[in-house]
Number of protein chains: 2
Amino acid sequence: MKQHELIIKMILDSWLTQVGYANKLLEALSDDRLHDEIAPGRNRGIYLLGHLASVHDRMLPLLDFGQSLYPDLYEPFVVKPDREVAGLPTVAELRAAWHAVNSKLEENFKTMTADQWLEKHTSVSAEDFAKEPHRNKLNIVLNRTTHLADHFGQLLLLK
Amino acid sequence: MKQHELIIKMILDSWLTQVGYANKLLEALSDDRLHDEIAPGRNRGIYLLGHLASVHDRMLPLLDFGQSLYPDLYEPFVVKPDREVAGLPTVAELRAAWHAVNSKLEENFKTMTADQWLEKHTSVSAEDFAKEPHRNKLNIVLNRTTHLADHFGQLLLLK
C-alpha cells in the first residue's frame, strides 16, 4: 500500500469508527430518551440525530455520490434551531434516515480510488481548487468526522 | 506537493483548527464558569480542561517529542473521574498547561517530514507495526483530533 493510500484508509477508518460509536450509543438510547435535552435549555437528542442525519445526507451530493436522500431534513435540523419547527419526523424515521445515508456513503467509499478522493468536491470551483487542492472530497470526510465527534460528545450526555 | 504530503497537511490543519476552536471557547469562559458542570451530575469544565491538557501532554512521548511536561495531571484528570481527587490545580494553572503542551506539539509538528509522520509511535512494538502500519504518529494526531472535538462539543454547553 502506498503512503497516500495508507493515510486515506486511516481517515476513512476514523470516520467508520465514529459512526460505529454513534450507532452503538443510539441503540442504547430509547426514542423517549432522545426527546430529552442534552443539558437544560440546550438541544434535544432528536434534534442532534436529525442534524447529523441531514449533514451526512448532504455529503452525498458534495462527494458526487448522487442526490440527497432526505433534503427535507435540512430546514428543520440545520437551518433552524431546535424547537422552532413543528411536525418533525419521528425518532424512528430519523434513525432510519441516519442508517440509510451512512450506508450509502459507506457503499460509495468502497468504490473510490485514492486519486478520486483527492478530486475537488462539488461545491468548490475548478479555479479555486487549482489554488486550494486541500478542498477535496477526502477533506469533507475528515471535516465531517470531527463534526460527528463534536455532537457525539453531546449525545453521550443522554446515556 | 505530493499526494501524501497534502493529506498530512489536511490532518494537521484539522488538528490546529480544533485547538483553535477550543482556545477561543476557553477565552470566552471565566474560571468560575469552568467550575460548573456541563450538564447536571456530569463532568465540570475544569475536569475536561485538565483531561484535554493531560491527553495532549501525553502525546509528547507518544510522538517521540520528549517527556510529558505535566505527568501529574494524568491521575486526577484521566485515570480518576471528576470530583474524586482533592487539591486539583487551579483553572489558571490548567490553562497554562493546555497552552504549553499545544505549543510544544505545534513546534514539533513543524519539524516533521512526511516519512517521519508515518513512523511508528512509541507505544507500538516494531513487530506489531510491521503488521499494522496505520499505528503511526500521524494516526495519533487524527485520533486525538476527534477526542478533542468530542469534549469540545461538551465544553460548548458552558457557553
Side-chain angles (χ1 to χ4, degrees), chain A residues 1-22 25 36-43 48 51-52 113-119 129 132-159, chain B residues 1-22 25 36-43 48 51-52 113-119 129 132-159:
Chain A
M1 192 184 279
K2 289 182 190 160
Q3 286 183 320
H4 67 292
E5 291 169 343
L6 173 68
I7 312 176
I8 290 171
K9 185 177 183 308
M10 283 159 46
I11 291 176
L12 299 180
D13 284 348
S14 172
W15 162 270
L16 292 173
T17 299
Q18 293 302 316
V19 171
Y21 288 158
L25 175 61
D36 289 340
E37 298 170 330
I38 53 166
R42 300 298 178 135
N43 289 326
L48 291 179
H51 178 75
L52 288 169
T113 64
D115 284 346
Q116 286 174 323
W117 275 120
L118 296 178
E119 287 170 0
F129 184 64
E132 300 173 309
H134 65 276
R135 299 176 71 179
N136 53 51
K137 291 176 179 170
L138 188 63
N139 218 5
I140 297 288
V141 177
L142 189 61
N143 175 292
R144 296 307 185 274
T145 304
T146 53
H147 176 262
L148 171 54
D150 190 328
H151 292 303
F152 172 78
Q154 297 176 333
L155 276 170
L156 206 53
L157 301 173
L158 292 179
K159 214 181 161 191
Chain B
M1 192 182 280
K2 289 182 188 158
Q3 286 184 321
H4 68 292
E5 291 169 344
L6 173 67
I7 311 175
I8 291 171
K9 186 177 183 307
M10 283 159 46
I11 292 176
L12 299 179
D13 284 347
S14 172
W15 163 270
L16 292 173
T17 299
Q18 294 300 316
V19 170
Y21 287 157
L25 175 61
D36 290 340
E37 298 170 330
I38 54 166
R42 300 297 178 137
N43 289 326
L48 290 179
H51 178 75
L52 288 169
T113 64
D115 284 346
Q116 287 174 322
W117 275 119
L118 297 178
E119 287 170 0
F129 184 63
E132 300 174 307
H134 65 276
R135 298 176 70 179
N136 52 52
K137 291 176 178 170
L138 188 63
N139 218 5
I140 298 288
V141 177
L142 189 61
N143 175 291
R144 296 306 185 273
T145 303
T146 53
H147 176 262
L148 171 54
D150 189 327
H151 291 303
F152 172 78
Q154 297 176 333
L155 276 169
L156 206 54
L157 300 173
L158 292 178
K159 218 184 158 188

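Sequence lines set the chain letters: A, B, ... in the order given, protein chains first and strands last, and positions in each chain run from 1.
Ring orientation note: the planes of A:H51 and A:H147 are tilted relative to one another, at an angle of 30° to 60°.
With chain B as partner, the option from A:N136, A:D13, A:N43 having the largest number of non-hydrogen pairs under 4.5 angstrom is A:N136. Options B:N143, B:N139, B:T145, B:L148 differ in how many heavy-atom pairs under 4.5 Å they form with chain A, and the most are formed by B:N139. Counting heavy-atom pairs closer than 4.5 Å to chain B, the top-ranked of the candidates A:K159, A:E37, A:M1 is A:K159. Put simply, of B:G153, B:A39, B:G41, the one with the most heavy-atom pairs under 4.5 Å next to chain A is B:G153. The residue among B:I11, B:T17, B:I38 with the most heavy atom pairs within less than 4.5 Å of chain A is B:I11. Counting heavy-atom pairs under 4.5 Å between each of A:K2, A:Q18, A:H151 and chain B puts A:Q18 at the top.
Ionic pairing of A:E119 and A:K137 is present here: one or more N-O contacts between side-chain nitrogen and carboxylate oxygen are shorter than 4.0 angstrom.
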### Query
Passes side-chain contact (heavy atoms from CB on, under 4.5 Å), A:W117 versus B:I7? Steps please.
CA-CA 10 Å; A:W117 275 120; B:I7 311 175; over 6 Å; no
### Task
Take A:L142 and A:T146 through the test side-chain contact (heavy atoms from CB on, under 4.5 Å) and record every step on the way to the result.
CA-CA 7 Å; A:L142 189 61; A:T146 53; over 6 Å; no
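Both the backbone and the side chain of A:H134 come within contact range of chain B, each with at least one heavy atom under 4.5 Å from a heavy atom of that chain. For A:L118, the part lying under 4.5 angstrom from a heavy atom of chain B is the side chain only. With a 4.5 Å cut-off on non-hydrogen atoms, B:S14 touches chain A through its side chain but not through its backbone. Using a 4.5 Å cut-off between heavy atoms, A:Q3 touches chain B through backbone and side chain atoms alike. Looking at A:L6, only its side chain comes within 4.5 Å of chain B, counting heavy atoms on both sides.
Counted within 6.0 Å of OH on A:Y21, heavy atoms from surrounding residues, nucleotides or ligands total 12 or fewer; the atom is thus considered open.
The minimum heavy-atom distance between A:T113 and A:Q116, with the atom names listed, is N-OE1, 2.9 Å.
To the nearest 0.5 Å, atoms CH2 (B:W15) and CG (B:L138) are separated by 12.0 Å. Here the CG-CG distance, from B:L48 to B:L157, works out to 10.0 Å after rounding to the nearest 0.5 Å.
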